[in-house]
Protein chains: 2
Amino acid sequence: MRASQVKSSALSFDCCSHPWHSEGMVAPSLRARVRAGMIEEIKTVARRHLDTDGANLSLRAVARDLGMVSSAIYRYFPSRDDLLTALILEAYDALGDAVEAADAAADRADLRGRWLAACRAARAWALAHPAEYALLYGSPVPGYAAPDDTVAPAQRPPVTLVGILRDGVATGRLAPPDEELPEPLRGDVAELVELLGMDVPPALLARGMAGWTQLFGLISFELFGRINRALPHRDEYFDHQIGLMADLAGLP
Amino acid sequence: MRASQVKSSALSFDCCSHPWHSEGMVAPSLRARVRAGMIEEIKTVARRHLDTDGANLSLRAVARDLGMVSSAIYRYFPSRDDLLTALILEAYDALGDAVEAADAAADRADLRGRWLAACRAARAWALAHPAEYALLYGSPVPGYAAPDDTVAPAQRPPVTLVGILRDGVATGRLAPPDEELPEPLRGDVAELVELLGMDVPPALLARGMAGWTQLFGLISFELFGRINRALPHRDEYFDHQIGLMADLAGLP
DNA sequence: CTGTTTCGAGAGCGGTGCTCTCGATTTGGA
DNA sequence: TCCAAATCGAGAGCACCGCTCTCGAAACAG
């Protein structure tokens, strides 16, 4: 939670996210390597606890599973929140990877196919990792404030969706909506367009964000058990609802 | 969590939800009345703690605020989960009241106005009671399973939205989409139509549910801080996105 | 080989939900 | 009116939690 703690946690990561066999770096000591391995092991066990026991992760239980005493964990993560943040970061990246890979695997010219593939990939990832999805998109943990490192990976799925729309506009395959946004909103969305660096008409960006919101809502309802029990064909329902949003965005 | 506990908690409610001054019932004893008052007081304090401290409600803290010892709370609620369930039930009802009242206050013939009013009421309630909204629609508490009493009140907002569409079809003001749902899905939604008792074409019901999903997603994104900071005019953004879904449903 | 750093264990603090027991009080029927 | 029964709040206690501190052992660097 403290900025310093988050920073130190991030430092623990650099030793593995920046692989040591890149140019000019000295090979890490044995101790550094077993430390990195230990961090990875802790995260693995923590992720397992998350998937089985739900969102309330117990540091002591993780330590017990590792044959350690709880205070030993603090040699690797300054607090429980930092461990959670590490898991959140990895989860964001995994989801982003899945969505972007699905988009990239589709035919570039098939805009609607890319849209559906990206959405399906997000849902598939969420169904495969419900606890981690809840960690990302559930109600925020009370005391917990997401560090700034999380905003960029968190935006990858919506950016992917908007990127599909941008490609459509750029190649002329997608006709932007002829409406214009009303003024106070138009400026906001125009700023967002610049911030994302995607040349898309504001009205279209708004529709893309509607698709992203719908995607999140569909997954959340299905995952949190709020989908009506009278809908056994969930795949078909999801596909149809996502298709509706593709229609709304003007995807052919 | 146990069914028996939930039942006993529900019994505690009946003494106040079924007012004693109705026909034929004997006036409750003094003790029963102070007990009901105590239950209400506990819920009030718990709600206040929820709004200030977030979702992790501490029974001991509530007891302290009431000048009691923690074990005394168990005279009124068999467990912390039951207290949470009581708050959830009340929250569902409050949200349902707000949405239905907003719909009822609008001109019956102005379908789009009713839709927007209902959606705005849901958002307004959520913004006014963020912690309770998170309790309803956030990630489910790990050990907690929502009792069956909650499903009916939970469906009031979406039923209200679909009711607007049904009125539109019944009065001929709303032209249902000319598409048909693909087969495995069409049967599911048709069953849902019967279950809700609302005579609406399945394809239209699907669009209404899309609107409900979007509404939930919009509110959640805004409330859980995932709305982009580059969107200061949140009211206008919300109105526009909800209007998009009204378009999708065919509301004139 | 030696001084320093890293690490895990252990004890401990204050917090939590929850159970049990024990007096005090209130209630309702004889 | 009196008395047994039901109800209630307090208190102690259990197991668990996140987290801090200390201490001895091990691994490192010079």
Side-chain angles (χ1 to χ4, degrees), chain A residues 1-2 4-6 8-9 11-12 15 26-42 45-46 49-50 53-87 141-144, chain B residues 1-2 4-6 8-9 11-12 15 26-42 45-46 49-50 53-87 141-144:
Chain A
M1 204 149 60
R2 306 271 149 276
S4 63
Q5 295 179 340
V6 170
S8 84
S9 160
L11 280 180
S12 311
C15 70
V26 62
S29 64
L30 170 88
R31 193 180 248 166
R33 264 179 298 152
V34 356
R35 180 181 175 83
M38 196 69 194
I39 287 178
E40 217 54 39
E41 202 168 351
I42 292 175
V45 174
H49 268 83
L50 217 58
D53 296 358
N56 47 0
L57 181 67
S58 161
L59 262 189
R60 292 181 110 110
V62 171
R64 267 194 303 270
D65 264 25
L66 288 168
M68 289 199 307
V69 103
S70 74
S71 61
I73 301 278
Y74 290 85
R75 296 283 176 194
Y76 303 93
F77 293 93
S79 83
R80 177 176 165 276
D81 279 355
D82 290 270
L83 175 54
L84 275 181
T85 300
L87 297 177
V141 185
Y144 178 78
Chain B
M1 204 148 60
R2 306 271 148 275
S4 62
Q5 294 178 341
V6 169
S8 85
S9 161
L11 281 180
S12 310
C15 70
V26 62
S29 64
L30 171 86
R31 190 180 251 168
R33 265 179 296 152
V34 353
R35 179 181 175 85
M38 198 68 194
I39 287 178
E40 216 55 39
E41 201 169 352
I42 292 175
V45 173
H49 269 83
L50 217 58
D53 297 357
N56 46 0
L57 181 67
S58 163
L59 262 187
R60 293 181 109 110
V62 171
R64 270 195 300 271
D65 264 25
L66 289 169
M68 288 198 308
V69 103
S70 74
S71 61
I73 302 277
Y74 289 84
R75 297 283 176 194
Y76 303 95
F77 294 93
S79 83
R80 177 176 165 278
D81 279 355
D82 292 271
L83 175 54
L84 276 181
T85 300
L87 297 177
V141 185
Y144 178 79

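Order of the sequence lines fixes the chain letters, A, B, ..., with proteins taken first and strands second; residue numbering starts at 1 for each chain. What you are looking at is a predicted structure, and each value in this text was computed from that prediction instead of being measured.
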Whole-Å distance, A:Leu83 CG to D:dC17 P, equals 14 Å

What I want to check is whether an N or O donor and acceptor connect the side chain of B:Ser70 with the base of C:dG17 at under 3.5 Å.
no

To the nearest angstrom, how far is A:Arg35 atom CZ from C:dG8 atom P?
9 Å

Taking only residues two or more places apart in sequence, or in another chain, which ones meet B:Val34 in a side chain to side chain contact (heavy atoms under 4.5 Å, CB included)?
B:Leu30

B:Arg75 has an atom CZ; how far is it from atom C1' of C:dC18, in whole Å?
13 Å

Within residues 58-65 of chain A: residues closer than 4.0 Å to DNA chain D (heavy atoms)
A:Ser58, A:Leu59, A:Arg60, A:Arg64

Tell me, please, which residues at least two apart from A:Arg64 pass side chain to side chain contact (heavy atoms under 4.5 Å, CB included).
A:Arg60, A:Ala61

NA contact type, B:Leu57, heavy-atom cut-off 4.0 Å: base, sugar-phosphate, or nothing?
sugar-phosphate

When rounded to whole Å, the OH to C1' distance for the pair A:Tyr76 and C:dT6 reads 9 Å

For side chain to side chain donor-acceptor pair (under 3.5 Å), just list the numbers for B:Asp82 and B:Ser79, CA-CA rounded to whole Å, side-chain angles, deciding distance to a tenth of an Å, and then say yes or no.
CA-CA 5 Å; B:Asp82 292 271; B:Ser79 83; 2.7 Å; yes

Choose from D:dC23, C:dG17, D:dG9 the nucleotide whose nearest atom is closest to any side-chain atom of B:Met68.
D:dG9

Select one nucleotide: of C:dC7, C:dC18, D:dC8, the one nearest the side-chain heavy atoms of B:Tyr74.
C:dC18

In this structure, how many angstroms lie between the C1' atom of C:dC7 and the CG atom of A:Leu66, rounded?
15 Å

Using every non-hydrogen atom in the two residues, find where B:Val62 and B:Ala46 come nearest and quote the distance to one decimal.
CG2-CA, 4.0 Å

Regarding C:dG17, can its base be found pairing with the side chain of B:Ser79 as donor and acceptor, where the two atoms are less than 3.5 Å apart?
no

Per-nucleotide protein contact string for nucleotides 25-30 of chain D (B base, S sugar-phosphate only, - none; heavy atom under 4.0 Å):
--BS--

Shortest non-hydrogen contact from B:Leu50 to B:Ala55?
CD1-O, 3.9 Å

Counting distance alone, no hydrogens or angles: does the base of C:dG17 have a donor or acceptor under 3.5 Å from a partner atom on the side chain of B:Arg80?
no

Global bending angle along the helix from C:dC1-D:dG30 to C:dA30-D:dT1, which compares the axes of five pairs at either end, to 10 degrees
0°

Distance check needed: C:dT6 P versus A:Ile39 CD1, whole Å only.
13 Å

Of the non-hydrogen atoms in B:Leu57 and B:His49, which two are nearest, and what is the gap between them?
CD1-CB, 3.7 Å

Atom-to-atom span, CD1 of A:Ile73 to P of C:dA9 - whole angstrom:
10 Å

Would a 4.5 Å heavy-atom cut-off, applied to side chains only, mark B:Leu59 and B:Tyr74 as touching?
yes

Return the value, rounded to whole Å, for the distance between atom CD of B:Glu41 and atom C1' of D:dG9.
14 Å

Could you measure the distance from the CD1 atom of A:Ile42 to the CG atom of A:Leu66? Nearest 0.5 Å is fine.
6.0 Å

Give me the atom names and distance for the closest heavy-atom approach of B:Ala63 to B:Ser70.
CB-CA, 3.6 Å

Within-4.5 Å side-chain heavy-atom neighbours: B:Arg75 and B:Met68:
no

Check whether any side-chain heavy atom of A:Tyr76 lies under 4.5 Å from a side-chain heavy atom of A:Leu83, and answer yes or no.
no

